[in-house]
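Remarks on the structure that follows.
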Amino acid sequence: MATINGMYVLAESEDPVYEVDITDQPVEDGIDTSDHVQRKPRAMGVSGFIVGDDAAEIRERLIALADKGETVAFIGRNLFTGVIQSLNTKHDYKVANGFAFSLSLKEIRVVKSSYVETLPTPLKAAVAPVISSGRKQTKQKKGDKEKEKVEKVKFKAGTPWADE
């Protein structure tokens, strides 16, 4: 007997999957080079039977867990924590007080947002307000005009630009 969030199920087979992504880069001669390996989320397929007077209730609870995307804990021959990716049930004459099922579980990683709504009081005082007033013309000081006096260009005598 195995359990899914404390609900008893008869697991006939458990099929864990451990996959990685390998990046291949083509080269001019020979085989491609593989330079990076990244782990994919773990997955596990489970198939078996759910029987008993509460089989319909367990089925409804499993469907609700899958619809809400809640994390489930599977305890059987393998231990697995993840979400229900798919749930298939088979209702036929072979199982009198229950049904056959198969489900696939997938590992997920839940993250929190790093966005902060407001800054703490000490940091708020240290941050200057952002002012968007467009482009501004630079102002010259009174002393700068005297320093920037432009001298008249002097040309050689006899050229057409020379002053007479």
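Throughout, numbering of the chain's residues begins at 1 and tracks the sequence.
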| said: To the nearest 0.5 Å, what is the distance between CE on M44 and CD on Q85? | reply: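 One gets 13.0 Å once the value is rounded to the nearest 0.5 Å.
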| Measuring from R42:CZ to E19:CD, what's the distance to the nearest 0.5 Å? |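 Between atom CZ of R42 and atom CD of E19 there are 9.5 Å.
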Hydrophobic cluster mates of [X], side-chain heavy atoms under 4.5 angstrom, ILVMFWY only, any path?
{"X": "I22", "value": "V20, V37"}
{"X": "L79", "value": "I75"}
{"X": "I108", "value": "V83, V110"}

| request: Can you sort out the partners of T33 under side-chain contact (heavy atoms from CB on, under 4.5 Å), two or more places apart, ordered by chain and number? | output: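 T33: side-chain contact (heavy atoms from CB on, under 4.5 Å) contacts with Q25, V27.
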Just jot down the salt bridge (charged side-chain N to carboxylate O under 4.0 Å, His left out) partners of [X], sequence neighbours excluded, or say none.
{"X": "R39", "result": "E107"}
{"X": "D21", "result": "K40"}
{"X": "E70", "result": "none"}

| query | Among pairs that include at least one residue of residues 46-93, which meet ring-ring contact (aromatic ring centres under 6.0 Å, His included), considering only residues two or more places apart or in two chains? | reply |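 Checked against ring-ring contact (aromatic ring centres under 6.0 Å, His included) - neighbours excluded - the pairs reaching residues 46-93 are H91-F99.
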Solution key, residues 53-67 side-chain donor-acceptor pairs under 3.5 Å, sequence neighbours excluded:
none

| request: Kindly work out whether a path of hydrophobic side-chain contacts (I/L/V/M/F/W/Y, heavy atoms less than 4.5 Å apart) joins M7 to L105. | output: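 Same cluster.
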| query | Is V51 linked to V9 within one hydrophobic cluster, defined over Ile, Leu, Val, Met, Phe, Trp and Tyr using a side-chain heavy-atom separation of less than 4.5 Å? | reply |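 As far as the 4.5 Å side-chain criterion goes, V9 and V51 are not connected within one cluster.
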| How would you list, by chain and number, every residue that makes a side-chain hydrogen bond (donor to acceptor under 3.5 Å, both in side chains) with S86, sequence neighbours excluded? |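 Applying side-chain hydrogen bond (donor to acceptor under 3.5 Å, both in side chains) to S86 gives S104.
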| Which residues share a side-chain hydrogen bond (donor to acceptor under 3.5 Å, both in side chains) with S34, sequence neighbours left out |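 Listed in chain order: D24.
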| message | I need the full list of side-chain hydrogen bond (donor to acceptor under 3.5 Å, both in side chains) pairs touching residues 4-15, with sequence neighbours left out, sorted by first then second residue. | response |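 Matches after skipping sequence neighbours: S13-S47, E14-N78.
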| said: Side chains of V72 and T81, heavy atoms from C-beta outward: is any pair under 4.5 Å? | reply: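 A side-chain contact under 4.5 Å is absent here.
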